[in-house]
Structure formats: C-alpha cells, structure tokens
Amino acid sequence: MKPIGSIWTAIRLAFFSGLMLVCAGIFSVTVLVLYTASDLPRLPEDLSRIIETPQSLVYNAAGQVVLHLGERESVPLNRVSPDFINAIVATEDHRFFLHHGINKLRTLKALYVTLFEPGRVEGASTITQQLAKNLFFSFEQSFSRKFRELLVSFQIEATHSKAEILEVYINQIHFGAGAQGIEKASDTFFGKSARDLTLSEAALLAGLPKSPSAYNPFYHMDRALKRRQVVLQRMKDTGYITADQASLAASEIPELNREKKDARSGSYFLDALIKALIDTYGENVVYKGGIRVHSTLDSRLQDLAKISLGQGLDRLDQEMGVSGENSPRPQGALVAIDPSTGAVRAMVGGRDYFISEFNRATHARRQAGSGFKPFVYYTAFEKNGLHPGTLMTDHAVTIPVAGAPDWQPQNFDRGFQGNMVLKTAMTRSVNTIAAQLVQLTGPDAVIDTARKCGINSPMQDVFSIALGTAGVTPLEMTAAFSVFANAGNRHAPFLFWRVEDAFGRVLFEHIVQEQPVLDPGTAYQVVDMMKAVVDTGSGRRVRDHGFTRPCAGKTGTSNNFMDAWFTGFTPTLCTSVWVGFDKQHPLRDKNGVGITGGRGAAPVWAQFMHQALADEPERKFPVPKEIRFEKIDPDTGCRVDFRDSRAGMVVAVKKGQVLCGETVQ
Amino acid sequence: MSFEWYESVGTREGLKRTISFLNISVLILSAILVFSEFRFDWGEQMLGRFLAAVNQTRPEKGAVWELGRDTLTAHETVNQLIDRKSDTQAFARRIDSFSGIARHLLPGEWVTLDKSHFKDLYRSLPLTHARQIMDPARLIWLLNGDVTDRIFCEGLKNGIKIYFIDTGNRVIHQIELTQETLTVITEKKYLKPGTLESFGEFSGRIYPVDRFFDAVFKLPGEMIPDLLPDTDLLLDQEGVISRVGIWNEAEEGFIRLGFEIRHQNRVRVLFVNAREWAVWQLGLILRGTHS
C-alpha cells in the first residue's frame with residue numbers, strides 16, 4: 001500500500017509544483033513584459049507615413065532627371081500586383097492573415113531546433129515580426145532583441161489592420177541592388193511599376209528578400225530562378241496558384257532592365273557629383289533634404305564616352321590577347337570638359353561601373369609620361385625666352401642629381417636625331433630635349449606652371465618631372481589642358497551649376513570665373529605645337545581615325561608602357577583618355593610590342609570627339625594678336641620664304657622674338 | 001480518518017484526491033486557457049493592447065525614428081541655409097552702401113543685387129571714388145548695354161567682390177572692394193586734417209588757389225572734367241580753398257590733388273583723384289612750360 005500511496009503523493013506534488021511553476025512563469029513573464037515595455041520603442045501613429053522621405057533629384061544639363069537620391073517611394077496595396085502579394089505572403093508567412101503577430105507552432109519548433117540541435121538556427125519570424133525588426137531594431141541576434149521585437153509586433157497587430165501591415169512591409173523590405181520597397185524593386189529589376197508585375201516576375205522578386213545579394217538576378221540569375229521555384233511551389237502549396245500556373249511561370253525567364261542594373265547611381269559622373277555634394281552639404285541633406293541639383297552632365301556625351309572607352313578597351317583586349325577570364329583586363333578613364341567654363345560634360349572612370357566602382361577619372365594618379373611636356377615647353381618659353389623655332393640638339397644628356405646617380409634620359413627609340421627646332425622636338429616627343437629644357441628652367445618652375453593649370457596631385461621637385469613621372473588624374477589633365485584650349489585662362493572643373501531646395505529656392509549657383517594663369521601668346525605657341533603633334537606627330541592616329549577638325553593634343557606613355565594617355569582639345573571641348581592596368585602591368589600586344597598613348601588612348605579620343613562634336617560647326621583656335629606665323633627650316637631654325645618651294649615648317653612666334661638672328665616684326 | 005499530506009494513502013484515496021473537483025477544475029481551466037490562447041490569440045491581443053495603451057510613454061528610438069530625425073534635421077539645415085540667404089538678400093535690398101553690404105556678408109556668402117540698386121549704390125559714392133571702383137562708361141556698358149543678366153555680390157574676408165554675370169553665368173566683369181577702400185569712402189578719409197605740408201608727397205608741388213585755377217582755366221574746356229571730376233565734392237565743403245597740391249606719383253591712371261580748406265580755425269586737405277594726363281597738362285602750365 002505504501003508504495004502506491006507514495007506514487008499518488010508524488011503525482012500530487014508534481015501537479016501542484018507544476019501549477020506553482022506555471023503561476024510563477026506567468027508572473028515572471030508579466031514582470032518581464034512590464035519591465036521591457038517601458039523601454040520599447042514608441043510606435044508612430046501612422047506606420048505608412050514613416051517610410052516617406054523626400055527624394056533629392058539630380059538633373060542633367062538638358063534639365064532631365066537622371067538620378068533620384070534617397071528615394072523611398074510608397075505605393076498603396078491596390079497598386080501592387082496581387083501575384084506579388086500572394087507570393088510574398090506564401091513565402092514569408094503563409095498564416096499571416098490568421099495570426100496576431102506570432103506563429104506559435106513555428107516558433108516552438110524553431111525554439112526546439114535552436115536549443116536542442118546544435119549548429120542549427122531556425123527562424124520563425126512572421127511578416128509583422130520582420131516589420132517590427134526592420135523598423136525599430138538592429139540585426140543583432142539575441143533572445144532579448146527577439147523578445148522585444150515580438151512585443152512590438154503584438155502592438156502593431158493590435159493597432160493596425162492586416163492590409164496596413166502588409167502595405168508597410170512591402171514598401172520597406174530590401175530586394176538588393178539598392179532597391180528598397182516593391183515599387184523601386186520593380187523599376188530596378190524590370191523597369192515597370194509594381195502593379196504590372198507578372199506572376200513570373202512577382203515570384204522572382206518575392207524570393208529576393210531572403211538573401212538579396214545571393215539571389216541578385218543581375219549577377220546570379222541561376223540562383224534567383226531556383227529561389228523563384230521555391231516561391232512558386234509555396235504559392236501552389238498554399239493554394240494561391242494552380243500547378244499549371246506554377247509550371248507556366250517557372251518556364252518564363254524574366255527580362256531584366258539592363259539599363260538600370262542597379263539602384264546605385266550607375267555612373268562614375270554621378271558618384272563624383274554625389275561626393276562633391278556630400279562634401280558641401282553633408283550626407284543628410286543630400287539624401288534626405290529633398291534638394292534639386294542641376295548638374296553639368298551632358299547625357300549624350302556621357303553615353304558616347306562610355307561607348308568609345310568600352311569599344312577602345314575591347315579593341316585593346318583583342319590586341320593584347322586578354323579575355324579577362326585568366327588574366328586581368330586593362331582599365332580606362334575619359335573626362336570631357338568645356339574649356340570655356342570648366343563644366344565637366346562627361347566622365348567615365350572605368351570599363352564597367354558595376355564591376356568596379358573605383359573612379360579612375362578622379363582618383364587614379366597615374367604617370368602622365370610625355371603628356372606632361374606642354375607644361376615644360378610653356379615654362380621654357382615663358383621663363384627662358386625660347387620659342388617653337390629655337391634650335392636645340394637631340395643628343396645624349398647627363399644631368400647630375402645631388403645625392404643620386406646622374407640622370408640620363410633616353411628617347412623612345414633609344415636614338416638621337418641631332419639638331420631640331422623645339423616644335424619638331426615636341427611633335428616627335430623627344431625626351432632628351434625636354435630634359436634639357438627642365439635643366440634650363442628648373443623643375444620647380446615646371447611644377448609651378450602645372451599647378452597654375454590645375455594639377456593638384458603631389459609633384460616631386462626632380463628633373464624627371466619633364467618626362468611626366470608625377471602621378472596625375474585624368475580629371476586634372478583635362479582641366480590643365482583646358483587652360484591651353486582657353487587662351488591661358490583657367491576655369492576650375494565643376495560638376496553642378498545650381499542646387500535648389502524642393503521649392504526651387506536657390507542654395508548654390510556656380511558662376512564662371514576666368515583666371516588668367518598663362519600668357520595667351522605663349523599658350524598659343526604651345527597649342528600650335530600640339531596641333532602638329534596631332535597632324536604629323538605621335539598623335540596622328542587621331543587623323544587616321546577620321547577626325548579632321550582643328551585640334552591639338554599630346555600623347556603620353558609612361559615607363560615600361562604602364563600607362564597610355566591622350567589629352568587633346570578643340571576650342572570647345574577638352575578630353576583626356578587614359579588606359580592601363582589597375583595594378584602595375586605593362587600594356588603590350590600579343591607580339592610583346594608596347595602600346596603607346598598614340599595607339600591605346602588616341603583612337604578612343606578620336607572616336608569620342610568625332611561623335612561628340614558631330615553637330616557643332618568647326619571652329620579654329622583664336623590667334624592672339626602678337627603671334628606671327630613664320631616659315632622656317634626645321635633643321636636650322638632660320639626663316640624660309642613662304643613662296644620657297646623647299647620643305648619648311650610654320651611656327652608661331654611672338655612679335656620681337658628672334659629667329660636665327662632676325663627679329664620677328 | 002485524517003492523513004497528513006506527506007503520508008502515503010491507498011490507491012482509492014489517492015485516485016479520489018487526484019480527480020478531486022479542485023484538481024479537475026484547475027486542469028480544465030488550464031486546458032481552456034491554453035487552447036483558447038492557441039485558438040483566439042487572446043494573450044497576444046491583450047499584450048498588444050496593453051503596449052498600445054502605454055505607447056505614448058515610451059521613447060522614440062530605433063531605425064525609423066532615427067530616419068525621421070535625420071530627415072527633419074536635413075530639412076532644418078536646408079531651411080536654415082535658405083533663410084539665411086533670404087535674410088541676407090532682404091537686408092541687401094534695404095541697404096544703401098557698399099560698406100553696409102560688406103559688413104553684413106560673411107566670407108563665401110553672396111546676394112544678388114538689382115541693376116537699379118547697384119546704380120543707386122554707385123551713385124551714392126563721391127564721383128572721384130566711384131570712378132576708382134569702376135569707370136562710369138563701363139558701368140553704362142554693363143548695366144545699359146544688355147550684357148549683364150545679374151549682379152552677384154560675394155562676401156570676402158576683407159571686403160566684397162561684385163560680379164557682373166551674363167545669361168550663361170559667366171563673369172563679364174568683377175570688382176573687389178576691400179575693407180580699406182570702403183573705409184576710405186565711409187569714413188571720409190578723403191578729407192584729412194592738416195595742411196598740405198603735412199603730406200610729403202605734395203612737396204614742391206603746392207600752389208596758391210588763384211594760380212592753380214588760372215592754370216586750370218587755360219586748359220581746353222573738355223579737359224577740365226578730367227581734372228576735377230567730382231565738383232560736387234568740392235562745392236559741398238564748407239570753408240575756403242587756400243592752396244592746391246599735386247601728389248608726386250600716379251596710381252592706376254590717376255593722380256591725387258589736395259585742396260587745402262580753411263574753415264573756422266580748422267585746416268583740412270580734401271583729396272580728389274584727377275586723370276594723370278590732365279594733371280600732366282596742368283603741370284606744364286603751372287611750371288610755365290606750356291606751349
């Protein structure tokens with residue numbers, strides 16, 4: 001009898017103990033709720049309004065909107081495809097319309113798995129819980145956060161209808177590629193409104209929030225389609241669609257909006273613009289201030305720049321025999337500036353923004369090579385009274401350098417050509433003569449000229465500066481050459497004309513200020529020499545590519561073919577093109593021949609300029625009144641009569657300069 | 001027969017106690033609670049309503065509130081920038097002197113001036129100083145020649161800069177008014193106490209007023225306005241001009257003339273800028289070498 005009696009006593013004991021435990025549990029939970037509730041975030045009265053932030057707009061030079069910044073566009077539920085709503089509910093929380101914030105059975109299961117199956121963590125968040133987390137909590141994984149999130153979801157359920165909750169949810173979830181909210185995602189991925197999504201597209205989008213990067217269809221279409229299959233299966237299982245509808249939708253490959261590819265700016269120009277705006281106004285104002293920015297961007301030129309650079313780099317790939325699968329592919333940059341104002345009209349900082357956002361146009365400091373020589377020649381003309389007709393000798397040069405081995409610059413072809421006038425030396429890009437010039441002027445004077453023209457990158461006070469050993473950006477080179485194109489007047493490059501608030505009140509306006517930094521006559525002499533570079537010298541590929549307008553420019557190739565440049569201009573547009581590898585790697589074709597600026601960059605420049613200026617009339621460079629054109633013998637520098645049939649060279653000299661002992665009148 | 005609760009009881013007694021009314025009631029109640037909760041979610045609803053009731057007492061924190069605050073801050077910042085600009089603009093419209101604008105504009109701040117307002121500001125200056133700022137002919141070209149679209153005035157650390165801008169936002173002409181220049185104008189530093197001898201630069205070129213004006217009247221009539229461009233300034237002075245001095249160096253095409261004025265035991269020198277070439281002609285007459 002006793003044992004049986006003891007069992008009953010034990011049962012009773014267990015029952016009452018259990019009862020007491022339950023009571024204690026209820027009490028503890030109540031205390032915990034009361035304690036936690038005091039520190040829970042307050043809920044705004046209207047959940048839908050909180051996702052509306054005013055967008056900032058960026059316009060191009062023609063006044064068209066080219067970018068929405070900080071856009072969070074909310075759409076009502078009735079303007080969203082029902083297929084998407086069904087898909088998201090079936091996938092994320094198929095009991096959404098039945099529960100009050102928590103799916104208890106799924107939660108208990110998830111709790112069991114998390115606690116008793118080491119290494120596995122199972123989520124059971126309902127749509128309401130996800131909404132609570134996205135709106136108020138961090139992504140920290142903890143029981144405390146989960147509990148607080150649960151409490152907030154109860155409150156959301158208690159104070160909002162299911163339709164309201166669902167509307168807010170679909171308008172704030174992240175779909176990847178920078179798209180937040182269904183309307184933005186629909187536009188980003190398919191270029192259409194959310195109301196027009198097909199079942200196939202809706203199912204694909206509904207699968208993305210689980211892992212927006214991993215399922216990004218722009219880059220991983222295969223994964224996105226597999227995930228869509230899961231969504232369609234869920235929709236079928238939950239009765240939203242039939243098996244036939246599921247298989248029909250699964251057979252469709254949605255056409256992506258390749259133009260967009262991403263909700264990022266998608267443009268090196270716009271990235272540079274956003275950075276400039278943030279530097280001025282701060283991130284908050286730029287993304288949430290609802291400002292209107294009127295940029296200098298010429299969309300047509302920007303497209304042409306992208307195409308010209310892309311095609312040029314593809315040609316280089318072929319010449320070099322690189323495919324990108326096993327070896328790196330060369331990169332490039334192109335910047336085009338209106339020399340009369342400094343407005344940057346186009347900027348491309350790499351071959352594909354979506355592969356590499358690094359903006360080489362503004363950030364890659366690369367050796368300019370001979371592209372730096374115009375500053376050397378200008379300095380020598382201005383400081384030492386030389387001119388394009390001055391005779392010098394191309395010979396071996398040894399320049400002593402204090403505390404270092406002597407510097408012995410070599411010509412590109414390793415040979416020497418003897419006497420020649422400076423115009424010929426520039427045209428043929430003779431290094432030994434540039435070295436002699438910098439020896440005359442001193443490197444500091446050359447640096448001073450480059451600084452005046454707008455080269456801000458660090459430059460070392462060394463003789464080799466004559467051969468462009470300083471690292472400069474394509475933007476700097478374009479801005480600096482613009483000074484020559486604009487008769488010695490500098491305009492600092494800029495990216496936006498005007499900034500307004502949402503009501504059109506002006507916050508900032510750019511005014512075009514001209515700074516005379518170079519002597520117009522001497523600048524013209526350098527321009528005239530650079531015209532010869534294009535017509536007969538190292539940049540003649542520009543002419544070979546059919547660009548016949550009056551233009552001037554200079555090629556540049558750095559040591560061991562690491563960088564290839566061409567910077568040139570017409571009176572109305574100045575453009576610099578750089579090509580090279582991101583890492584130190586020479587540009588050589590399949591036969592091992594080095595690729596120069598004339599071969600690698602000039603064709604890109606010619607293609608771009610040819611199309612960019614197609615609708616403009618031809619313009620000649622204005623000639624300053626002190627300039628005289630004289631025909632000289634290029635071997636002696638002495639005057640030749642214009643009527644003389646012997647070959648001669650026309651040089652631009654200033655009144656009062658001396659040619660072979662004769663003063664120019 | 002009574003038992004202590006810890007004492008063993010028989011099967012019958014144990015069973016009887018286990019399925020007692022109290023126990024069964026507690027069990028059923030518990031089951032009802034659990035099942036009704038699962039069926040009707042009253043626990044979540046109750047908690048939700050409770051939390052909604054205390055909503056207003058809780059802090060505004062979390063991502064969405066931060067976003068709201070950031071948006072508000074952004075708008076406030078933009079509005080502050082706009083307000084500041086509007087205030088400056090409104091102030092500039094009311095102000096009647098360049099020095100007033102310079103005092104109000106911070107470095108980097110700018111306002112747009114109406115053409116008529118600029119004309120008024122310019123005309124409020126003594127002509128001799130106005131000419132130094134800008135030649136009237138150039139002003140006519142800029143303001144009446146359909147070249148200027150707007151006039152921007154930008155604050156500098158040491159004064160103001162005024163830009164005349166065409167429709168393409170291009171600067172056609174700019175003038176810089178340093179604090180020093182403005183001070184000369186506002187504090188009437190063109191009028192200094194002392195005699196001509198107080199200024200060494202007049203040494204050897206000081207003439208009695210009669211001799212000076214005799215020489216002036218010997219000049220061709222069209223030359224006199226270049227010599228005495230601002231007659232109002234001279235006519236406005238109280239007292240008598242006793243002597244006139246000629247400065248010993250030219251500055252930007254002008255040479256200073258000093259008029260010594262005596263009034264109630266006070267002696268002052270009024271400085272006037274005259275065209276260099278007109279002064280040169282006058283000098284020839286004064287030295288008696290004029291042909």
Side-chain angles (χ1 to χ4, degrees), chain A residues 1-9 11-12 15 19 22 33 37-44 50-51 53-54 99-102 104-105 134-138 151-152 154-159 281-282 284-291 340-341 497 501-502 505-507 509-514, chain B residues 3 5-11 13-15 17-18 23 26-27 30 37-38 40-52 54-65 67-68 70-75 77-79 81-82 85-86 110 112 152 154 163 165 168-171 174:
Chain A
M1 287 298 279
K2 269 199 169 183
I4 291 173
S6 305
I7 288 167
W8 284 115
T9 307
I11 289 171
R12 274 164 47 217
F15 179 81
L19 202 62
V22 168
V33 167
S38 64
D39 195 41
L40 280 178
R42 182 192 299 183
L43 256 68
I50 56 178
I51 52 173
T53 51
H99 63 64
H100 283 84
I102 182 172
K104 287 185 276 281
L105 290 176
N134 293 346
L135 294 184
F136 300 105
F137 298 100
S138 67
L151 292 179
V152 172
F154 291 161
Q155 183 181 345
I156 292 174
E157 287 277 351
T159 49
Y281 297 108
N284 224 8
V285 168
V286 173
Y287 285 101
K288 302 183 186 95
I291 55 172
S340 67
T341 61
W497 282 105
D501 75 349
R505 294 175 299 179
V506 179
L507 278 169
E509 195 160 9
H510 181 90
I511 55 171
V512 181
Q513 285 188 76
E514 208 162 63
Chain B
F3 297 91
W5 70 271
Y6 48 83
E7 281 183 68
S8 297
V9 293
T11 307
E13 182 61 23
L15 198 60
R17 288 187 183 188
T18 302
N23 287 5
V26 168
L27 198 66
S30 303
E37 210 299 309
F38 269 74
F40 300 109
D41 298 339
W42 53 262
E44 292 98 304
Q45 293 185 55
M46 204 170 69
L47 269 176
R49 290 207 182 94
F50 164 72
L51 291 169
V54 297
N55 188 50
Q56 293 305 315
T57 63
R58 303 206 307 258
E60 291 180 352
K61 63 178 191 180
V64 75
W65 289 110
L67 178 69
D70 285 350
T71 307
L72 197 66
T73 311
H75 278 264
T77 309
V78 171
N79 284 334
L81 289 171
I82 294 286
K85 212 162 273 297
S86 307
W110 52 264
T112 310
F152 269 30
E154 185 188 21
Y163 302 97
I165 293 165
N169 264 24
R170 188 182 295 275
V171 177
Q174 65 187 58

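Each chain gets a letter, A, B and so on, in the order its sequence line appears, and its residues count up from 1. Values below: every heavy atom of this structure, side chains too, minus hydrogens, waters and symmetry copies.
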(message) Please classify the contact of A:Gln513 with chain B as side chain, backbone, both or neither, using a heavy-atom distance under 4.5 Å.
(response) both
(message) Counting only non-hydrogen atoms closer than 4.5 Å, does A:Val506 touch chain B with its backbone (N, CA, C, O), its side chain (CB onward), both, or neither?
(response) both
(message) Is there a side-chain contact between B:Asp41 and A:Phe154 in this structure, where contact means two heavy atoms from C-beta onward sitting under 4.5 Å apart?
(response) no
(message) At a heavy-atom distance under 4.5 Å, which candidate from B:Ile82, B:Val54, B:Thr73, B:Asn79 has the highest pair count against chain A?
(response) B:Ile82
(message) Could you measure the distance from the NE2 atom of A:His99 to the NZ atom of A:Lys104? Nearest 0.5 Å is fine.
(response) 9.5 Å
(message) Given heavy-atom pairs under 4.5 angstrom as the criterion, report whether the side chain, backbone, both or neither of B:Phe38 touches chain A.
(response) both
(request) Go through B:Gly62, B:Pro59, B:Ala63, B:Ser86 and name the one with the most non-hydrogen pairs under 4.5 angstrom from chain A. (result) B:Pro59
(request) Under 4.5 Å, counting heavy-atom pairs only, tell me which of B:His75, B:Gln56, B:Gln45, B:Glu44 racks up the most with chain A. (result) B:Glu44
(message) Ignoring hydrogens, what is the shortest heavy-atom contact between B:Lys85 and A:Leu507? Give both atom names and the distance.
(response) CE-O, 3.3 Å
(message) How close do B:Ala52 and A:Thr159 get, counting heavy atoms only, and between which atoms?
(response) CB-CG2, 3.5 Å
(message) Once rounded to the nearest 0.5 Å, what's the spacing between atom CZ of B:Arg170 and atom CD1 of B:Ile165?
(response) 11.5 Å
(request) State, with a plain yes or no, whether a side-chain heavy atom of B:Leu51 is found less than 4.5 Å away from one of A:Leu151. (result) yes
(request) Against chain B, label A:Ile156 side chain, backbone, both or neither, depending on which of its atoms sit under 4.5 Å from a heavy atom there. (result) neither
(request) Answer yes or no: is there a side-chain heavy-atom contact under 4.5 Å between A:Glu514 and B:Val171? (result) no
(message) Counting heavy-atom pairs closer than 4.5 Å to chain A, which one of B:Met46, B:Glu37, B:Glu154 comes out on top?
(response) B:Glu37
(request) Pick one of side chain, backbone, both or neither for B:Gln174, based on which atoms fall under 4.5 Å of a heavy atom in chain A. (result) side chain
